[in-house]
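Notes follow once the structure below has been shown.
In what follows, chains are A, B, ... by sequence order, proteins preceding strands, each numbered from 1. What you see below is based on every heavy atom in this structure, not just the backbone, and it leaves out hydrogens, waters and symmetry mates.
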Protein chains: 2
Amino acid sequence: MTARTRKAQRRTDALSRERIIEAAVELLDAAGEGGLTFRALTERLATGPGAIYWHVANKGELLDAATDDVVAAALAREPAGRPASPQEGVRAVALGLFGAIERHPWLAAQLAGQLSRGPERPVPPRILERFGQQVRELGVPESGWFVAASALMHYVLGAAGQHAANVAYARTLGPDADRAEVLGAVAAAWQGLDPADYPFTRAVADQVRDHDDREQFLAGVDLILAGITA
Amino acid sequence: MTARTRKAQRRTDALSRERIIEAAVELLDAAGEGGLTFRALTERLATGPGAIYWHVANKGELLDAATDDVVAAALAREPAGRPASPQEGVRAVALGLFGAIERHPWLAAQLAGQLSRGPERPVPPRILERFGQQVRELGVPESGWFVAASALMHYVLGAAGQHAANVAYARTLGPDADRAEVLGAVAAAWQGLDPADYPFTRAVADQVRDHDDREQFLAGVDLILAGITA
DNA sequence: ACCTGAACACCGTTCAAGT
DNA sequence: ACCTGAACACCGTTCAAGT
């Protein structure tokens, strides 16, 4: 067994756009956005960069495709039957995205990037559509559709991203840090702020310690639902 | 006048962390996140990279400091007197951030990045605090403080980021594209979606064309305020 | 049509050397 | 204490050449 033997075997099946995107998602999951490089990709796929460029225009397109793939899967994973109510439908979509961002923490920044990079990106309409269909069934007058669906989308993406940050921060504290430790760390960071400048943030630090991220997240969704139907 | 004369003069005043951050913000404003490189920075400041590293740990810290600077300025720019009501206070903070993101479109992705990179980043607590203080004065019971302030923060950052994307997209269409053209372009992009998959998004495309971004933004803030006080 | 891999331009960062 | 600038490792991307 020479040293070279340990390298990835030469691939036998053909390369394809799907296989490349799949490998990109794996790299992103393993090491975050910094983990996705063409060098890592060529090694994992046992090719040269030219082969990848045959299937994908550039790194940006690959990142977009990976984002699109993961979001589409999350939105498709939903319960088979129709939701009991539009409210339940909203919660289901929200939890689907929450879970996707939890499993793929790099998604949060990526989605924010697509959101702030023009209207023709594929992912935002996909998400807006799902929330929007429930908003319509909520009986909201048409003039309020866009604002209601936008509010849901922006809150869900932002709050889920913050949750993912907490989870990632937990890993920093050691591989077996549990929920209490993570929340404790967030609370501790906020308790360390200047009392004169941050009275509110220090006050809520306690709440952050005692509550479950997912519960808080759903409470936020319900708050916006209350605003929509007010 | 030799070719060399056109290069930036050798700096006479001393370098400082503030001057570096200032130059970084200018580069970001001029060319977005890709415009901030140490090479561009050294040329603009007429130094070598080592000089910059004497004042700043690395690029990430510089980006964070630039973000922090701009957000702090936006939150400080507020009206002198106390707001007429907590609701007005929330709108003022929201519009302050909206304006900052409009003037510095790179802020949107940067803020999302800080949000999803752990609780000890300096900027999110700064924003949470401002919304939180108004939430408290709204008479919300303490158990609901965090959710209410988070909902405001996430909506505002997300929606303002999308607005900034629209503005940036407008510049793409030509230097003198006006509001109608921009909104028309967004509407057109959404109208081009598959009618079977995107009935809602296509329906709201018309609203997007006819409404003002700032009005829609404030309507979203009011929606969340309604949910908070429901 | 699909893949190889050397080469290129550019990037963030370091560090021995200067003042 | 503060700054210089050559050098390094690494990155995305290209392209002439192969099959």
Between B:Arg121 and B:Asp68, does at least one N-O distance fall below 4.0 Å, as a salt bridge requires? no
Using every non-hydrogen atom in the two residues, find where [X] and [Y] come nearest and quote the distance to one decimal.
X        : Y        : result
A:Pro125 : B:Thr201 : O-OG1, 3.6 Å
B:Met153 : B:Pro124 : SD-O, 3.9 Å
B:Asp197 : A:Glu129 : O-CG, 3.5 Å
A:Ala151 : A:Ile224 : O-CD1, 3.8 Å
A:Leu41  : A:Ala24  : CD1-N, 4.0 Å
B:Pro199 : B:Ala196 : CD-O, 3.8 Å

In residues 53-70 of chain B, what residues come within less than 4.0 Å of DNA chain C, judged by heavy atoms?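 Nucleic-acid contacts, sorted: B:Tyr53, B:Asn58, B:Lys59.
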Pull out every residue in residues 23-40 of chain A that has a heavy atom closer than 4.0 Å to any atom of DNA chain C, ordered by number, or say none.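 Within residues 23-40 of chain A, no residue comes under 4.0 Å of DNA chain C.
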Mind listing the side-chain donor-acceptor pairs of residues 50-60 of chain B below 3.5 Å, one per line with the distance, residues two or more places apart or on another chain?
from	atom 1	to	atom 2	distance (Å)
B:Asn58	OD1	B:Gly60	N	3.2
B:Asn58	OD1	B:Glu61	N	2.9
B:Lys59	NZ	B:Leu36	O	2.8

Counterpart residues, side chain to side chain contact (heavy atoms under 4.5 Å, CB included), relative to A:Gln216 (two or more places apart): A:His211, B:Phe146, B:Val147
Side chain to side chain contact (heavy atoms under 4.5 Å, CB included) involving A:Ala148 - partner list, sequence neighbours excluded: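 Testing A:Ala148 for side chain to side chain contact (heavy atoms under 4.5 Å, CB included), a comparison that skips the adjacent residues, returns A:Val135, A:Ile228, B:Leu223.
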Considering only the C1' atoms, how many Å lie between C:dC10 and D:dA9, rounded to the nearest integer? 13 Å
Just the dot-bracket of DNA chain C, please: which string comes out with Watson-Crick or G-U pairs under 3.5 Å, [ ] for crossing, | for another strand? ||.|||||...|||||.||
B:Gln162 versus A:Ser116: any side-chain heavy-atom pair under 4.5 Å?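 Counting from C-beta outward, B:Gln162 and A:Ser116 never come under 4.5 Å.
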Quick check for you: among D:dA6, C:dG5, C:dT4, whose closest atom lies nearest to any side-chain atom of A:Pro49? C:dG5
Show the atom names and distances, to 0.1 Å, of all donor-acceptor pairs under 3.5 Å that link a side chain in residues 183-191 of chain B to residues at least two apart or in another chain.
from	atom 1	to	atom 2	distance (Å)
B:Trp190	NE1	A:Pro119	O	3.4
B:Gln191	NE2	B:Asp206	OD1	3.3

Test ring pair (Phe, Tyr, Trp, His ring centres under 6.0 Å) applied to B:Tyr198 - qualifying residues, sequence neighbours left out: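 Testing B:Tyr198 for ring pair (Phe, Tyr, Trp, His ring centres under 6.0 Å), a comparison that skips the adjacent residues, returns none.
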Every protein N/O lying under 3.5 Å from an N/O of nucleotides 17-19 of chain C:
none

Specify the separation, in whole Å, of atom [atom1] of [X] and atom [atom2] of [N].
X       : N      : atom1 : atom2 : value
B:Leu41 : C:dC11 : CG    : P     : 12 Å
A:Arg19 : C:dC2  : CZ    : C1'   : 14 Å
A:Glu43 : C:dG5  : CD    : P     : 13 Å
A:Leu15 : C:dC2  : CG    : C1'   : 9 Å

If we ignore hydrogens and angles and just use 3.5 Å, is the side chain of A:Arg130 paired with the main-chain N or O of A:Leu75 as donor and acceptor?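 Pair found, side chain donor or acceptor close to backbone of A:Leu75.
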Where along residues 107-115 of chain B does a heavy atom fall under 4.0 Å from DNA chain D?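 The answer is none.
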DNA chain D: 5'-proximal contact among A:Gly50 and B:Ile52 (nearest heavy atom): B:Ile52
What donor-acceptor contacts under 3.5 angstrom involve side-chain atoms of residues 91-108 of chain A, with partners at least two apart or in another chain?
from	atom 1	to	atom 2	distance (Å)
A:Arg91	NE	A:Asp222	OD1	2.8
A:Arg91	NH1	A:Glu88	OE2	2.5
A:Arg91	NH2	A:Asp222	OD1	3.1
A:Glu102	OE2	A:His163	NE2	2.8
A:His104	ND1	A:Asp29	OD1	2.7
A:His104	ND1	A:Asp29	OD2	3.0
A:Trp106	NE1	A:Asp29	OD1	2.7

Results of salt bridge (Lys or Arg N to Asp or Glu O under 4.0 Å) for B:Glu22 - residues two or more places apart only: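 By the salt bridge (Lys or Arg N to Asp or Glu O under 4.0 Å) rule, B:Glu22 matches no residue at all.
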